[in-house]
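In this text, all values refer to a predicted model and were calculated from it rather than measured experimentally. To find a chain, count down the sequence lines: A is the first, B the second, and so on, and within it residues start at 1.
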2 protein chains.
Amino acid sequence: MDILQKAFELIYKNGYQATSIDVIIASTNVTKGAFFYHFKNKESMGLALIEEVLSPGMYASMVRPLETSEDILEAIYQMMEGLLIDNPFFNIAYGCPAINLIEEMGPLNEAFADALRKIVLQWQEAIQKSLYEAQESGRIAKNTSPQQAALFITAGYGGVRNMGKILGKNCYLTYLKAFKHYLSTLK
Amino acid sequence: MDILQKAFELIYKNGYQATSIDVIIASTNVTKGAFFYHFKNKESMGLALIEEVLSPGMYASMVRPLETSEDILEAIYQMMEGLLIDNPFFNIAYGCPAINLIEEMGPLNEAFADALRKIVLQWQEAIQKSLYEAQESGRIAKNTSPQQAALFITAGYGGVRNMGKILGKNCYLTYLKAFKHYLSTLK
DNA sequence: GTAAAAACATACTAACTAGTATGTTCTGCG
DNA sequence: CGCAGAACATACTAGTTAGTATGTTTTTAC
């Protein structure tokens, strides 16, 4: 469904509430009748967008890079660098689409919050599991809680995405250096 | 100016664009004529709100707690705990008003971005300076860049504020534990 | 081939939006 | 007092919003 992809791009740049249905359909070749035939209302389109566009994309960038049995700290770093630097769909000025939606809709709509929470928890659990297994197999030290570290890492990501909107690419690069240093303390 | 305080509260909860002038004036005893007598337009009210309400409040919670010559790591931790837990004006579900505005308006309005960047840089520089001085006087190790650490710390704050919106208070508490552990690696 | 249902398209509506036009009231000053 | 400007108040406007009502076309089932 092409309309979800276009809606995703518009909402990524302008926010969910600020992106009107009229603008979405004007930028595709879909009429209002077709829109409301496929979606009960704007909210259900937003939820479909999270499920069908955002979630799969986030999973590919956040969780899959961790599916390695090699150096897990390196994998975590590569995942972060991939998200911040290499991802061609994201724009520093617009941040992360998932973080944006959490920020805007988390407090306003419980269904949005539920769908977004799933993405975040999935990511945290993947990091946590990786760290735990590395600890068990003796590849990294056991003096850090995997759960705490996973939350700490994901929080850092959300924050630097926010900061990048006003400070630009430089803060991504500085952040990555600090992040690498942090990861080295987990060894 | 009482209207700025009320507008601040409404925007904190609902976002800047989603808070209409009509709603602001309806929740105060100010009419539209008075509103547009005091502010050229909605944008200039938003900017006044940042300068006169948000900036002073943020400075008091973010920078002033660092004005100590004692244990700087403890001061940084207390600042973070004060921001996340003790601040009676903030609500976990609504996050941090400054972070919210950066997220929503940073990409859309250069004047907003400038005003918000000032707040963030002021905070980062205060942390950076504290860490640098502690390093110079030998109270903490010199193996970490104060600039990188300051950015890392502020990013973490923004991120956990975002995450708290969907994960609730528990993630604040877990974050603070991880944060304390991180600070201990700077010793 | 035709009837029914799916998949649209067009024109509308009621509520809301920032902002304006045009008034009125208050407040200090000579 | 009187009068000028500051400080409001009220009524309006043009544009936008999500959603609907009512159509038409396209596909599917038999």
Side-chain angles (χ1 to χ4, degrees), chain A residues 1-54 97 100-101 103-113 115-116, chain B residues 1-54 97 100-101 103-113 115-116:
Chain A
M1 192 143 299
D2 195 38
I3 193 173
L4 281 183
Q5 185 61 43
K6 195 74 200 175
F8 173 77
E9 290 165 22
L10 289 167
I11 288 171
Y12 174 42
K13 291 187 183 174
N14 298 105
Y16 171 79
Q17 295 176 98
T19 303
S20 73
I21 296 171
D22 285 354
V23 165
I24 293 173
I25 64 179
S27 69
T28 60
N29 45 6
V30 172
T31 60
K32 194 162 269 197
F35 182 95
F36 279 97
Y37 176 78
H38 288 291
F39 306 108
K40 185 178 148 243
N41 49 32
K42 192 185 177 185
E43 180 191 18
S44 84
M45 182 222 58
L47 292 173
L49 184 155
I50 294 175
E51 292 297 334
E52 294 171 35
V53 182
L54 186 64
N100 294 355
L101 275 175
E103 199 79 58
E104 179 184 4
M105 298 307 292
L108 300 181
N109 187 304
E110 192 55 44
F112 275 68
L116 295 163
Chain B
M1 194 144 297
D2 196 39
I3 193 172
L4 280 183
Q5 186 61 42
K6 194 75 199 175
F8 174 77
E9 289 165 22
L10 289 167
I11 289 172
Y12 175 43
K13 290 187 183 174
N14 298 105
Y16 171 78
Q17 294 176 98
T19 303
S20 73
I21 295 171
D22 284 355
V23 165
I24 293 173
I25 64 179
S27 70
T28 60
N29 45 6
V30 171
T31 60
K32 195 162 270 196
F35 182 95
F36 280 98
Y37 175 78
H38 287 291
F39 306 108
K40 185 177 149 241
N41 49 31
K42 193 184 176 185
E43 181 192 16
S44 84
M45 183 222 55
L47 293 173
L49 184 155
I50 294 175
E51 293 296 335
E52 294 171 36
V53 182
L54 186 64
N100 294 355
L101 276 175
E103 199 80 57
E104 180 184 4
M105 299 307 292
L108 300 181
N109 187 304
E110 193 54 45
F112 275 67
L116 295 163

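- Residue whose closest nucleotide on DNA chain D sits further toward the 5' end, between A:T19 and B:G33: B:G33.
- The CZ atom of B:F39 sits 4.0 Å away from the CG atom of B:L4 when rounded to the nearest 0.5 Å.
- Smallest separation of non-hydrogen atoms from B:I24 and B:A7: CD1-CB, 3.9 Å.
- Atom C1' of nucleotide C:dG19 and atom CD1 of B:I25 are separated by 11 Å, given to the nearest angstrom.
- Atom NE2 in A:H38 sits about 12 Å away from atom C1' in C:dA9, given to the nearest Å.
- To the nearest angstrom, C1' of D:dA18 lies 21 Å from OH of A:Y37.
- At the phosphate of C:dT17, OP1 or OP2 sits under 4.0 Å from a side-chain N or O atom of B:S20.
- In the set D:dA7, C:dG19, C:dA9, C:dG19 carries the atom at the smallest distance from any side-chain atom of B:F36.
- Atom OH of A:Y16 is separated from atom P of D:dT17 by 14 Å (rounded to the nearest Å).
- Both A:K40 and A:V23 sit near DNA chain D, but only A:V23 has its closest nucleotide nearer the 5' end.
- For A:D22, the side-chain atoms get nearest to D:dT17 when compared with the rest of D:dT17, C:dG19, C:dC8.
- A donor-acceptor pair under 3.5 Å links the side-chain atoms of B:E104 to the main chain of B:Q17, judged by distance alone.
- Between the NZ atom of A:K42 and the P atom of D:dG19 there is a distance of 8 Å, given to the nearest Å.
- The backbone N or O of B:Y16 lies less than 3.5 Å from a partner atom in the side chain of B:K42, making a donor-acceptor pair.
- In this entry the distance linking CZ of B:F39 with P of D:dA7 reads 13 Å, nearest Å.
- For the pair A:N41 (side chain) and A:S44 (backbone), a donor-acceptor distance under 3.5 Å is present.
- No hydrogens or angles were tested; on distance alone, a donor-acceptor pair under 3.5 Å links the side chain of B:K32 to the base of C:dG19.
- The interatomic distance linking A:N29 (CG) with C:dA7 (P) rounds to 17 Å, in whole Å.
- Atom C1' of nucleotide D:dT10 and atom CZ of B:F35 are separated by 17 Å, given to the nearest angstrom.
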